[in-house]
Amino acid sequence: MSKVKYTDRSISAKELMYAVASMVIGVGIFNLPRYITTVTNGIDGVISILLMGGIVLFFVWIMGQFIRMYPGKGIYEILLAIIPKPLAFLLIIIYGAFFALLAAYEIRAIAEITKKYLLPNTSSDSLSLLFLLVNVYALFGSRTALIRINSMFLPVVLIVSLLLVVLNIRIMHLDNFYPLLTTDLQGYGSGMISIFFSFTGISIILSYSYLVNEPEKASSAAVKGVFISIIIYTMVFVSCVAVFSNLGTDFLENPTIELGKEIELPGGFFERFESVYFTIWIMTIFNTTSMSIDSSLIVLESLFKKAKKETLIVILSPIIFFVSMVPIGMEGMEAMGTFIGRLSLTLMAVVPVPLYIIAKIRGVKK
Amino acid sequence: MKKEESPHTDYSLLSNSLSSNLEQIQTTLGPTPDLKVLRYEIRSEHLIILYMADLVDSDKLQNILKSIKYIRYAPPVDLPLFEQMYSDIYLIAQTAKLSKMNDVINHLLNGKTIILMDSVSEGFSVDTYGGKVRAIEEPQTESLIRGPKVSFTEEIGVNIAMIRRQITDKSLKVESFVIGERGKKKVALLYIGDVINPAIVEEARHRLQHISIDAPIDSGIIEQSIEDNFMSPFPQFISTERPDKVALSLLQGRLAIIPDQTANALIAPISILDTVQSPEDYYERWHIGSLLRMLRAFAVFISLFLPSFYIALVSFHQGLIPSRLAFSIAASREGVPFPAFVEALMMAITMELLREAGLRLPKPIGQTIGIVGGIVIGEAAVQAGIVSTVMVIVIAITAIASFTLPVYSMGVTYRILLFSFIFAAGMMGLYGISLAFIVLVIHIVNLTSLGIPYAAPLAPIFINDWKELFVRLPISFIKKRPVFLDPVDEVRSEKEE
């Protein structure tokens, strides 16, 4: 029987692009400008962003190559094909735990920021629980639908980000860019490492590898997805420095959100654009979180082949919720964020490139 | 499962004896005044003509009687009488030979005339279905300024003919199904064979064949028996009384289901954005079409979000309202004893009551309700200090916005969802609205209509379809049929300019 082309449970390369872009853009963007301005002078941080972006693009390209080499195979199967079973088992456990941790962080972060900007009197536990429940609802649906939600939210998020920059043009001062190129190499380096957190989650390319129906286009699609986020990051960083100056950005806890505070819409309907901006931003954080939990689920599914997806969700989500409550205060959150960033960086360094080299040497096993 | 013996499952064959056949028919149907039996004797052979009065068209019946009369007085031919009659009547009406008693009764109840003969264990039926039917009128619920002024009637044959007149294409296929255990009804499945994706037709056919209901009294019952998700508040079929709308949909690569005895056809597969589209968008010039379509999309947002947004701003995020506006809202809310959430709930429920009452009342009184409800209650409630003026404005705009949608059932859906958004905003302000919206999107993206994703041109994304999504670009720009329907014939017109 013939079928309607796209109704089988697979995703196109374009959908992978949206997924990667949505996954990368998450809560990281709120603090990104501050992390960079702490270690760089003037507008120099752009160089850090672009360099790190370049490295990430390379990683992403390699991960896209895995999809090409092992079309229709999940991450665990790819690992098993390349390295011995115990090592593959260890890696996949770390991989799954990393995504669960990332989801926990996002859930907590959204609760903290909501508390700060929207609902000061509501407890962050109930805020994060509600957010988690929405995610669980999404997880109970089909996986393809979960990925396709990105294509509904991403354009909205991009437009709002663009607005955030464009509406601020009036109060930007180019003097804030100077002095140019005065940062030392160490500064660029630590800038790069600190923004890597904003790129965590690119590994979902591997989790969703088995769904991609156009393996040959996967690499370029994933690269395009990351490229979108690099542009957004650069735009937001430049406008933060232009509006607040380097030193000012350094003092603000969430400079990107504060950027919205400066906006005055003509006509006078809203006074504080930042709340609206954040409200819309919840969508992309939802995307990041749901895909993170889903990646964890994929790992669990590949380990416990007989278990039902629903059972795994019911087991996994309370764990994520409790982990999200572990950090105490903003310092705890920062520490957790840093840890996730480092873990992600390690995973990045250990997994794609060496595995790719081994796979190339051993040749593709069918 | 053991089948119980009942008159409905009597598969016995017709017997040779005319009287026993007649007796069996009469006992099955019971004593009924509308079963008419005409007895004839031609060339010393007995025959009876049976029909249900009022179900048959008297003109068609007259024609048959005439041809029987002709046979009676015409010189005899070599053929047996039964065969001669059958071939004579075959020329003037739809006929079918019958050998089972069950078929005879079914045909009889479907308005056909049965002719049985003595010493022949076979009979035949002639289609004489008719009787009093409604004339073709103007559409009542989907009125347009420009466009054909015809709407479907209850008569399936007339309805199919109306589509055939719009699309005189040889590949317009009409498949017929009989649905219902007790009220057996014809249901026609229409599609353009070389346009629509065969998988969609296959799916619809499969679902129609597996309906198990007593009697499909209206298209709505069929819709509910074959929809993808019965828990969803969203209609997964568009129900329309406009033949032109069905024709447009067929040409896009969709299918239509037209049941007998209902003035509504069902269109599927649809996406959520089809519910903001009206055929008039295509009849008017593209600027007007685009503008109206965008207006309706905007109206969807108003009808969903306006009250909840207002509640969120007033109860949680007063800082977001510019100071001058905040003063006038505060002034209007002075003396109102309820929180904005309760206030909105009261007004929204009142609005629903008015709408429902206005709908049920006879037309002349219905308008009075509008005036009493809108002006008297609104004004009095504000005077009494129960609700604020701003809230009355907000709810009124919301109600008006929900009426702009061309698909009635969709407007109802949005009004139901409005309440959940009001609750979400009442509990968690903008955060609640945002989460509720995300839940809504998750639901829509997971939903399917005949297996086609409900959010189709948006998720999964099909940029080419956006040409007629929120705007309607000039006809010459829209060369392809909607890609999300994956039609066999993708191009609307082959001719190059």
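Using a 4.5 Å cut-off between heavy atoms, A424(B) does not touch chain A at all. For F131(A), the parts sitting under 4.5 Å from any heavy atom of chain B are the backbone and the side chain alike. Interface residue F484(B): backbone and side-chain heavy atoms are both found under 4.5 Å from chain A. Within the 4.5 angstrom heavy-atom criterion, no atom of A326(B) approaches chain A.
Taking both residues in full, the closest heavy atoms of R148(A) and P453(B) are given as NH1-CG, 4.1 Å, listed atom of the first, atom of the second, then distance.
Distance CE/M427(B) to CG/L130(A): 7.0 Å, rounded to 0.5 Å. Here the OH atom belonging to Y117(A) is positioned 16.0 Å from the OH atom belonging to Y431(B), to the nearest 0.5 angstrom. Atoms CE and CD1, from M17(A) and I461(B) in turn, are 8.0 Å apart once rounded to the nearest 0.5 Å. To the nearest 0.5 Å, atoms CZ (F462(B)) and NZ (K14(A)) are separated by 8.0 Å.
Listed for the T279(A) side chain is no donor-acceptor partner under 3.5 Å among the backbone atoms of S434(B).
Within residues 438-449 of chain B, the residues that have a heavy atom under 4.5 Å from a heavy atom of chain A are I438(B), V439(B), V441(B), I442(B), H443(B), V445(B), N446(B), listed by number. Heavy-atom neighbours of chain B within the stretch residues 133-146 of chain A, taken at a separation under 4.5 angstrom, comprise V134(A), Y137(A), A138(A), G141(A), S142(A), A145(A). Listed in order of number, the residues of residues 121-129 of chain A that approach chain B to under 4.5 Å between heavy atoms are T122(A), S126(A), L127(A). Residues of residues 282-298 of chain A that come closer than 4.5 Å to chain B, counting heavy atoms only, are I282(A), M283(A), F286(A), ordered by residue number.
Around atom NZ of K480(B), no more than 12 heavy atoms belonging to other residues, nucleotides or ligands sit under 6.0 Å away.
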